[in-house]
Amino acid sequence: WNSRPSFCSYWNIFYCFRSFFAFYSCQAGEYDKALDLLHRAKAIEDEELGGRYERVASLLYHIVHVRSEIAKTVDFIDGTTSLRAKEIIDMTKKVIEIRRKLMGEENLKQLGLALLLCSFNLSCYCCGLSKVAKNASICAELSAATATIQGKDMARESAQIFQKLRDNEHVAEAYMVWGLQFNHNDQQHLEI
């Protein structure tokens with residue numbers, strides 16, 4: 001009872017509050033505020049708390065989630081879907097890479113969510129390529145065919161993870177995102 005929390009404990013509390021408020025800022029449409037809070041929390045995690053893999057993966061996922069929310073609202077208006085989706089895809093792949101190294105059921109769920117988010121953004125990327133097909137640098141980094149294959153694989157893996165966890169809600173979401181990867185008149189699209 002007489003012991004005080006360590007300096008590191010204060011940073012942990014500060015870090016948790018930033019993540020918490022960032023989530024609610026995003027839900028309220030305060031995307032810039034959410035990103036600012038998350039970037040500050042990530043800086044604290046990296047510089048003061050040692051960059052713990054699980055926390056870094058969580059923060060990167062939340063940053064990607066906010067950017068994905070921005071993309072959903074802005075990109076349908078200004079047509080820069082592929083440019084933003086590519087950034088989101090790259091960051092989400094970092095999250096997936098970290099999550100693959102971690103163990104535990106909660107981590108497995110977070111891996112499934114990251115795969116699902118990446119798959120969705122790969123679909124958005126493919127849709128947006130038709131608008132910016134003239135931009136050779138984007139197409140050279142990730143072709144529509146490669147993005148479609150990756151998106152299908154990630155959605156399928158996500159569905160398998162959620163089936164293993166008996167999370168039927170996310171299984172259904174994974175199948176919906178998987179279906180986005182097919183041409184809409186494709187028989188395989190109808191079967192999924």
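What you see below is based on every heavy atom in this structure, not just the backbone, and it leaves out hydrogens, waters and symmetry mates.
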OH/Tyr61 to CG/Leu113 distance, rounded to the nearest 0.5 angstrom? 4.5 Å
Just by distance, do the side chain of Ser119 and the backbone of Leu115 share a donor-acceptor pair under 3.5 Å? no
Test salt bridge (charged side-chain N to carboxylate O under 4.0 Å, His left out) on Asp153 and Arg156 and set out the steps. CA-CA 5 Å; Asp153 291 345; Arg156 185 181 310 115; 3.0 Å; yes
About how many Å separate CD1 of Ile63 and OG of Ser68, when rounded to the nearest 0.5 Å? 13.5 Å
So, using side chain to side chain contact (heavy atoms under 4.5 Å, CB included) as the criterion, who are the partners of Leu108 when residues are at least two apart? Leu111, Ile161, Lys164, Leu165
Heavy-atom distance under 4.5 Å between the side chains of Leu122 and Thr148, does that happen here? no
Test Ser58 against Gln110 for side-chain contact (heavy atoms from CB on, under 4.5 Å), laying out the working first. CA-CA 8 Å; Ser58 291; Gln110 295 301 321; 5.7 Å; no
Should Glu47 and Arg40 count as an ion pair when the cut-off is N to O under 4.0 Å? no
Write down the atom of Phe120, the atom of Val177, and the distance for their closest heavy-atom approach. N-CG1, 3.6 Å
Side-chain donor or acceptor of Asn121 paired with backbone N/O of Leu117 under 3.5 Å: yes
Glu69 versus Tyr31, closest heavy-atom pair with distance: CB-CE2, 3.8 Å
Side chains of Arg67 and Thr92: is there a donor and an acceptor less than 3.5 Å apart? no
Could you tell me the separation between the CG atom of Asn107 and the NZ atom of Lys109, rounded to the nearest 0.5 Å? 12.5 Å
Taken in chain and number order and not counting sequence neighbours, the residues that satisfy side chain to side chain contact (heavy atoms under 4.5 Å, CB included) with Glu97 are Lys101
Are Asp167 and Glu169 packed together at the side-chain level, in the sense that at least one heavy-atom pair is separated by less than 4.5 angstrom? yes
Hydrophobic cluster membership, with links at side-chain heavy-atom distances under 4.5 Å among I/L/V/M/F/W/Y: are Ile149 and Leu142 in one? no
Hey, are Lys42 and Asp46 close enough for a salt bridge, meaning a charged N less than 4.0 Å from a carboxylate O? yes
In this structure, CH2 of Trp178 is separated from OG of Ser123 (nearest 0.5 Å) by 14.5 Å
Heavy-atom side-chain proximity of Gln163 to Asn168 below 4.5 angstrom: no
From CA spacing to verdict: side-chain contact (heavy atoms from CB on, under 4.5 Å), Arg99, Lys94: CA-CA 9 Å; Arg99 288 284 179 197; Lys94 289 178 188 175; over 6 Å; no
Looking at every heavy atom in both Ala57 and Ile98, which two are closest together, and how far apart are they? CB-CG2, 3.6 Å
If I compare all heavy atoms of Ile96 with all of Ala114, which pair ends up nearest, and what's the gap? CG1-CB, 3.8 Å
In Å, rounded to the nearest 0.5 Å, how long is the span from CG of Leu59 to CG of Leu37? 11.0 Å
Measuring only between side-chain heavy atoms, which start at C-beta, is Gln150 closer than 4.5 Å to Lys93? yes
Sequence-distant partners of Phe162, ring-ring contact (aromatic ring centres under 6.0 Å, His included), two or more places apart: His170
Taking side chain as C-beta onward, heavy atoms only, is Met154 less than 4.5 Å from Leu116? no
